[in-house]
Structure formats: C-alpha cells, structure tokens
Amino acid sequence: MSPEIINIHNHDAVASGGRDGDPVIFDIRTQILDGLSRPIGERQLPTMLLYDERGLRLYDDITTNVPEYYLFSAEEDILKKHSDDIVRAMHQGESQVSTDEVVLELGAGALRKTSHILRGLSRLVNEQTNSPPITYYALDLEENELKRTLGEIAASKIGKDLEDKVSTKGLCGTYHDGIKYIQTGGLGGHGSHPSRIADRLANRFNDVRRETHPLPPRDISPHSSASSVSGSEDHEALSHSDSTVASSLPSTPGVSQPPLHIMFLGSSIGNFDRESAAKFIGSLPLRPGSGDTLLLGLDHDNDKELIEEAYNDKRGYTKRFIMNGLRSACNVMDNESFFDGEKWDYVNHYNVGKRQHEAFYVSKCKQIIEDPTTGKEFVFLENERLKVEESFKFSDADAYTLFSEGNVRPIHRWSDSKSRYSLWLLERPAFIFPLLTSPHSYTRKGELVTKTRVSSTPFGVPSPEDWDTLWALWDTITLRMIPPSMLYQKPIDLRHICLFYLGHIPAFLDIHLSRLLQESHSEPVHFKDIFERGIDPNVDDPTICHTHSQVPKKDEDWPQLGAILQFQSHVRNRLLRLYDDLLSGRRSLTRRVARVLFMTYEHEAMHAETLLYMLLQRAGTGTLPPPGFSLPPWSLLAESWEAAPAPASDRVVLGPEMIVLGHNDIEAEDAYDWTSVRQHEFGWDNEKPQRTVHVGKFAIEWRPITNGQFYEFYTTQSKHRVELPASWVIEGGEMKIRTLYGPVPMHVAKHWPVMTTYDNLSTYATVKGGRIPTEPELRLFYDKFECGFEGGANFGFRNWHPVPATTGGERNGGKGSNGGVWEWTSTIFDKHHGFVPSSLYPGYSVDFFDNNHQVVLGGSYATIPRIAGHRTFRNWYQRNYPYPWVGARIAYDLA
C-alpha cells in the first residue's frame, strides 16, 4: 500500500503569481534572483536548491559513504544507544503513550536515523489498540522521496515492529508550511500555542475569577465564616477544589490534548543564521505544560580541520551534492543553460570566530548569467564566490543562547562518545527569563516600542515584560505550588505563614508607588499593617526580634486569598499604568522613578527565592512540584553526571592581584540626574561605592563541596562536629536530598554542591586543610571562570534543582558553573568605607550589620538572571542559618 502523503504547500502564493501552480518553485525563483542581485561578495543562492529529489539521494550517499561527515554518524550513534531513553524522557519517564499522539519530523530525509526513534516509540505501546496510538509525520520537500523512504520503512522489518503501534505518513512542504499546518489544526487539534504573556495573563486573578465564577465561592481559610477586609468591600475568595488551589486555575489551552513531539535532527537548525534560528524555534507550536517536546540536533564548535573535511571529503561526494544545486537552479528557472556547471567549482571555509561553516560556488572565469524571463544580466568575475550554504556550529554558550531566545529549556542532553555532537530534548516552559545580553524591550498592544526602550542595560530599569515574566514566576509559586492546606502554615520555623508573602509583595510595591506618585495607598489600612515588612535579621533567635509589622495570631484574622489576589491585580495594573505614562511622555523617567522600579522588582524576585527555600522543606509532603516544567529524568541525569569527566586539576592558583568591588550608583544624585537613566546600572546600598582591594596569592577549588563529599565526612569522621544539612532528609533509613519535586536518593544528587550552614562548611574546609574564601577571592575566581547565564550557568530557573558544577576546559577558556547555589565567603557583612544607607529602604543593609552575617555571592537556580548575573550584587545570611541555598568551595593559603 502506498504511504499517505499530504501536500501542505502554502497555496496562498499561487494567487499572487505563483508559476505553474507551484508556490515553492516560485518562491525559490525569487530567492535566486534576489541573491544574484546582491553586491559582489554578498551574492548567494537559496540552500533549498540542494535538496531536490536528486539532491536528497546524493545527500543519502554522503551519509552512507563519507566517514568524514561525522554529523550523521555521531547522531546515529546517539540514537542507536539512547533511543529508548529519549522516548521515555519525551514522556516524562512514563512507560506508556497517550492515544492520538503525534510525532513530527522536520526535514525527515532518508529516515535511517529516525527508525531508531520509531522503534523506541513502538516499545512504549504495551496494549493492543484498534488503531495505532502514535502517528509519525515525515515533513520534506519532495513527494517522491517521501513515498520512497516511507515505503521502505513499511516494507522492512521496522514496519512490522511499528504495526498497530505507530502509523507513518508524509507531509510535503516547507518548514513554514508544516508550522502553519499545525497551527491551523491540521494535525488533529495541535493548534496554535498561546504566547508566554497570554498564558501568564490567564493566571491573573480576574481571569481566574471569571473561569471559576460558575462554582460557588468558598472561603479557603480553615474557618468557614465570611470575612472582609478592613476599609474595603467584601471580596469573594478564590474558588478551588479540595485538593489544590491550582486545580481551579484555567488550564493552559491544549493541555488536555495529546502531546506533540517535534524532531529537528541533523543540525539543520544550523542552516539558519543565529537570529533566525531562535525565531524559528520560538515559532514552533509547543504548548507550555502540555508534554510537547522538541528533539534538536546541534553540531558542536569542533576543530576547523574536522569541520572543513566533513563538508569537502576527498572522494568528492560532498562536491557532487553541492554542484547538483546548480542543476536544481536551472530546473527552477526553467532554463538548462542558466548555470554552466563547467564554469564553476566548489570551495568551503570554516570561520572559527563566528563558528560558521560556509559553502561556495567559485566562478572559474568571467561570465554572465541572464534571467530568462527579464533578460537581466548578472556579471561574475573570475574567482568570485557565490554562497549556497552556511552551517552554524554551537558552543555551549551558543546553545543556551539559542534556547533562551527561542523560549525553550533543556530537559536532557545526549552527546556522542567523542563529544562532537549533541541531541537536546527541549520543552516550552511556563515562563523563561531573557538573556542578559538581550533584555526585554517593551511591547504595547502587540507592537514593539523600539524608540522608547525602558533601559539599555540589563541592570537598569526593568521593562513591563520583565515584570510579566517575574509575575509568571510568582504566580507559579504562590498559586500552583502551595495547596490550601499550607497557606496558613509555616514550612519552616521563625518565618511567616505562606499567605503572608502573597500580601507582602503587592503591599511593598503599593507603598513605594504611593510615595513615588504622591498618592494615597490603594490598599486597605489592614493590608498595610499586616504586610508592610517581613524581614527579621534574627530569624534564628526568637528572643531577639527586629521591629516589624504585627501579624494576626488567628487564621480567621488574616485577609482571604481572594481579597489578596484582587489587591495584587489592582497594584500590578497600577504599575503598568505608570509604565504607559512613562512611555507616552505623560511622566518623566527620572532616576528616582527608575530606582523605585528597580528596587521593587528585585525585592519581589528575592522573596520568590525565599519562599521557595521555605517550600523546599515541605516538598513531597505538601509543596506541589513546579507546573509547566517537565519532571526531571533523574536516572538519565544521574548517569550523565556520573560519567562527566573531572577537571584536570582540583584547584587553580590566583593572585596576587588588585580587584575592583562595587560600583558608583549614588542614590543622592537621583534628584537631579536626568541624563543617564536608560544607561544607568542600579544597585543596593551595600554595593557602593566602587573600591579597589588587594588579593594575595591563594589556591581555590574548581568545584564547591558536594553532597557526596560532605556525606562521607558526616558519616565517617565528624557526626559530633557538624549538623545534618537542612537540605537532607532520612527516609526509610536512606539519606536523600530535598528537591521541589520531592526527595531524591543521594546517588542522584551526590555531585551537586551541598547546601548547608557556613559553620558546617567552614568546619569541613578546616579539616581538609583550607578555609572558606574571602569575598574578594571568590569574586576574583568568578571574574575569571564563571560562564554566566549565557554560558549555561544554572540560575534563572533553567532547572528547579542544583546540578553538578562544571569547568569549561580549553574550549571554553576554563569557564564553568558552580551548579546553581549561592556561595559563602568568610567576609563579615558590615559597613565599608563610603557606605551610605538607602533612603528608599533605610534598613535594607544596616539592620544586618551585627557581626553575625556572612557575605554570600553568586546565585542559586532560583535566582533571577539580573541578580545572579550582576557582578556587584551581594547577598548575606547568618552563618548558622540552615535553609538558604548556599554552598562553599575551599581556598588555601599560599606562601
């Protein structure tokens, strides 16, 4: 039986002049002429010319006969060894599939590699069904090739394995055609996905209330009596099910639909320029929190010789494939003499700096090419180049940049045995923070406001889209991870109940907006009294209490959740109206305004992390896992972490050296400095002024102390000398590490940096012959060796758990990541020369100058990028405080 092929070419082009009813040919013809019309040195032909029917067969010859073309063999090796792991990770570890599940491969080609995935999928189908629960669609340009390759699959032993489990079909069209086909419901309802902003807005209180209004409103507090908020009208509480607040929230559109799995193999994404590649991935119809995945192949930034030989083998297979592109162009132009192949040769070049391979036709002589339709002539000089293909390669930093700008996050990565190539399994998360090198710009009513960028620095004024992402994070934590049973509980002692933080954040913002705008507070007085302040420098000593707001002692005296969320929505809208005034010119963006926006934004981000380290203590027994993010494939991750190579040496020697700390952000200048707002880098009072200090010669460990190292120390040497870390828990006699997904076994997390008190880690370091580094020493190490968010560092919710620390080796200049924790320093948090308390937040730092707090640097996996990536940001905790996500590495004195 002939395989089913669906022609999905976009026939809209026919109405606008497509020749012979074939819009694809018309489009390529236009691209050919446009490329030839460019200035000398910039001329090019569309890469699509290489992949006509004959070109696809010639490419198949390359993959079969050219060992130098390592991309195919490396990817095939990964698929042979790991196809079962890949398909299980696609299904979040489940050993079964949904009915009507769809797998779509973009640019399927010969299907040799794909057959391994198809077999893996078939092994997940355990039950006999009336029809195959999985449908695989191969998308490619040539219908005959689709018929041939799908027919070969059906007639082979693989076809027998797929019978009644995986049906195979073809889609004939371009990538764009395929995406549009899905978005318009062509694959059984896997339609357009909501934007990140629209998805988050669906979780705002007003939308929640509309969605749940048909259900009778019910008080969520432990007491059923209705309550009201002082100074305001009675408010309905948020309706919800008995099991979780999250169940009442509007579901993400499409979540109830079967998952869509897209495969884009062969490093084909490298044929896009980097900006277009990110836009293309961002356009894929992957729905947040739906189980949709993208399996993406990326070629590494390998050695120049290896790459150039891969694209120009000595036996000439690649050259025949490339030269066929000229014949293909003749067919498109309907003129056999349009290009004379005898007058052209093939050369290639790899640009190491740009990590870009380029393939060119080279004119052997001066010649003229004539457009057969218009008679227009294109003159080529001898040795002039005509580009036909470019292939971008990906360092780790390139890969993470692509993912962030394409609005996807990695679930897992598989690399070949020689680390030349990787397959990444990706998903569209519920939210994602932008790279520091490409901060958000403001969009208003769907249009980009290009001339009124709120800030030109990632550490300046946050944009409304920055707030939108932060609110998506905040709503995920507070409305989707805290069940009703925990709202009136304290996950850890000496902190407030969870409900407090839901009110404190909008109250803090409202207070400062009111002061800034010289308006009265928009919240009821009762809200301000309860939620104004929640920081206590002596949280570990209940006999010493910092002056702060009094909170209710009885549950029924707290405002209801519905009232808090309504107030939150009101304050958020108030903030957005301020931005509209700033961008319209109705209000000036002064340094004072900008500082309030910076301060309230980072305050909310810091509290999100605080709330999460509180919730961590109840994960598995109360706290719900983060929705909109796939469950980590723990066993696969543990295997890859165990197999990762250790650094060549345990430590590095640094110093002596002078190092600059802090920056000159003078708050007193806010009143009269109007000129540098958009270029200004804001900071907290303890970061300034800028100062230079001397760092002596010392050695420091490449990696922080790990759970495994500390566990051995704790169990074999010093139970009497150190405390059990709060991040550890004993279950069934087994030591486990807490995560927001619940505890995981020590063998999974043994390579993670241990999170525990300064006292614990200082004791460990001393026994090992070292000490905790000072703030200048750790800052010097970070300056030289931290890879940052762009390089793949584990902060900004790339993961919701730590990972092993990495060191970059020669390829990345030694730059790596500490695994996603803050790090202790031996420096006491105290005044330094020139310190001036903040006038906006006078007690931010001063209240903690008590000789009991240590400076900590870096950032955890739950620290937003603009904080973790801000060089001057300083955090602090009491040295015996057990709960924050802080680790340490060991430094050693050198003579």
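The shown structure was predicted, so the numbers you read here are calculated from the model rather than taken from an experiment.
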Asker: Where the side chain of N799 meets the backbone of H801, is there a donor-acceptor pair that is under 3.5 Å apart?
Answerer: no
Asker: Quick check on the 6.0 Å ring-centre criterion: do F431 and F629 meet it?
Answerer: yes
Asker: F795 vs I867, test: side chain to side chain contact (heavy atoms under 4.5 Å, CB included). Steps then yes/no.
Answerer: CA-CA 10 Å; F795 54 82; I867 291 178; over 6 Å; no
Asker: Among W822, Y844, Y881, find the one that has a ring-ring contact (aromatic ring centres under 6.0 Å, His included) with W876.
Answerer: Y844
Asker: Stepwise, does the side chain to side chain contact (heavy atoms under 4.5 Å, CB included) test hold for L513 with F508?
Answerer: CA-CA 9 Å; L513 285 178; F508 185 91; over 6 Å; no
Asker: If only atom types and distance count, is the side chain of T457 paired as donor or acceptor with the main-chain N or O of Q679 below 3.5 Å?
Answerer: no
Asker: At what distance, to the nearest 0.5 angstrom, does OG1 of T476 lie from CH2 of W474?
Answerer: 12.0 Å
Asker: Excluding sequence neighbours, so at least two apart, what forms ring pair (Phe, Tyr, Trp, His ring centres under 6.0 Å) with F459?
Answerer: H870
Asker: About how many Å separate CG of D555 and CD1 of I497, when rounded to the nearest 0.5 Å?
Answerer: 6.5 Å
Asker: Taking all non-hydrogen atoms of both residues into account, name the closest pair between S630 and Y741 and its distance.
Answerer: O-OH, 3.7 Å
Asker: Within the 3.5 Å criterion, strictly below it, is a donor on D685 or S838 matched to an acceptor on the partner's side chain?
Answerer: no
Asker: What distance do D475 atom CG and M481 atom CE have between them, rounded to the nearest 0.5 Å?
Answerer: 13.0 Å
Asker: Can you see which heavy atom on V677 is nearest to which on L589, and at what distance?
Answerer: CG2-O, 3.3 Å
Asker: S404 and R798: side-chain donor and acceptor closer than 3.5 Å?
Answerer: yes
Asker: Is it true that R874 and E687 have a side-chain N and a carboxylate O under 4.0 angstrom from each other?
Answerer: no
Asker: Angle between ring planes, W684 versus F598, binned at 30° and 60°: parallel, tilted or perpendicular?
Answerer: tilted
Asker: Please report the closest heavy-atom contact between Q617 and A726, naming both atoms and the distance.
Answerer: OE1-O, 3.2 Å
Asker: Look up atom CH2 in W800 and atom CZ in R409, then write down how far apart they are to the nearest 0.5 Å.
Answerer: 9.5 Å
Asker: Tell me, with the steps shown, if H680 and F682 meet ring pair (Phe, Tyr, Trp, His ring centres under 6.0 Å).
Answerer: CA-CA 6 Å; H680 190 74; F682 292 94; 4.6 Å; yes
Asker: Roughly how far, to the nearest 0.5 Å, is CG of D580 from CZ of R577?
Answerer: 9.5 Å
Asker: Start with the C-alpha gap between N407 and R428, add the side-chain angles, then the distance that decides, and say whether side chain to side chain contact (heavy atoms under 4.5 Å, CB included) holds.
Answerer: CA-CA 6 Å; N407 197 22; R428 182 91 65 213; 3.4 Å; yes
Asker: Compare every heavy atom of S588 with every heavy atom of V593, then report the nearest pair and how far apart it is.
Answerer: CG2-O, 4.0 Å
Asker: Tell me the closest heavy-atom pair linking M486 and G622, and the distance in Å.
Answerer: SD-C, 3.4 Å
Asker: Is any side-chain heavy atom of L616 less than 4.5 Å from a side-chain heavy atom of P491?
Answerer: no
Asker: Short question: side chain of R587, backbone of Y579 - any donor-acceptor pair under 3.5 Å?
Answerer: no
Asker: Checking R592 against L840 for the side chain to side chain contact (heavy atoms under 4.5 Å, CB included) test, could you report, in this order, the C-alpha distance in whole Å, the side-chain angles of both residues, the deciding distance, and whether it holds?
Answerer: CA-CA 10 Å; R592 187 71 167 182; L840 281 177; 3.5 Å; yes
Asker: Can you tell if the side chain of T590 reaches within under 4.5 Å of the side chain of D670, non-hydrogen atoms only?
Answerer: no
Asker: Can you spot which of V571, L565, N573 makes a side-chain contact (heavy atoms from CB on, under 4.5 Å) with S569?
Answerer: N573
Asker: Will you find, in the side chains of S514 and R574, an N or O donor that is under 3.5 Å from an N or O acceptor?
Answerer: yes
Asker: Run the side chain to side chain contact (heavy atoms under 4.5 Å, CB included) test against L426 and tell me which residues pass, sequence neighbours left out.
Answerer: L294, L296, F403, V408, P410, W424
Asker: Under a 3.5 Å cutoff, is there a donor and acceptor pairing between the side chains of R586 and S584?
Answerer: yes
Asker: Output yes when a side-chain donor or acceptor of E609 lies under 3.5 Å from a complementary backbone atom of A605, and no otherwise.
Answerer: no
Asker: Among F848, F829, Y877, find the residue that satisfies the ring-ring contact (aromatic ring centres under 6.0 Å, His included) test when tested with H853.
Answerer: F848
Asker: For the side chain of S290 and the backbone of L286, is there at least one donor-acceptor N/O pair under 3.5 Å apart?
Answerer: no
Asker: Hey, is the main chain of D665 close enough, under 3.5 Å, to the side chain of K688 for a donor-acceptor pair?
Answerer: yes
Asker: Would you compute the distance between atom NE2 of H504 and atom NE2 of H496 and round it to the nearest 0.5 angstrom?
Answerer: 8.0 Å
Asker: Examine the side chains of Y841 and R595 and answer whether a donor and an acceptor come within less than 3.5 Å of each other.
Answerer: no
Asker: Indicate, with yes or no, if the rings of F835 and F849 have centres closer together than 6.0 Å.
Answerer: yes
Asker: Kindly indicate whether a cation-pi arrangement holds for R572 with F567, taking the cut-offs as under 6.0 Å to the six-membered ring centre and within 45° of the axis.
Answerer: no
Asker: Nearest heavy-atom pair of D292 and E427: which atoms, and what distance?
Answerer: O-CB, 3.9 Å
Asker: Are a donor atom and an acceptor atom from the side chains of S839 and E667 found within less than 3.5 Å of each other?
Answerer: yes
Asker: Given the rule in the side-chain hydrogen bond (donor to acceptor under 3.5 Å, both in side chains) test, do Y613 and R495 qualify, once you have shown the distances and angles that lead to the verdict?
Answerer: CA-CA 11 Å; Y613 75 65; R495 285 289 186 184; 3.1 Å; yes
Asker: With under 30° as parallel and over 60° as perpendicular, where do the rings of W885 and Y861 fit, or are they tilted in between?
Answerer: parallel
Asker: Hey, does the side chain of T623 reach the backbone of L615 with a donor-acceptor pair shorter than 3.5 angstrom?
Answerer: yes
Asker: With no hydrogens and no angle check, do the side chains of T757 and N880 hold a donor and an acceptor under 3.5 Å apart?
Answerer: no
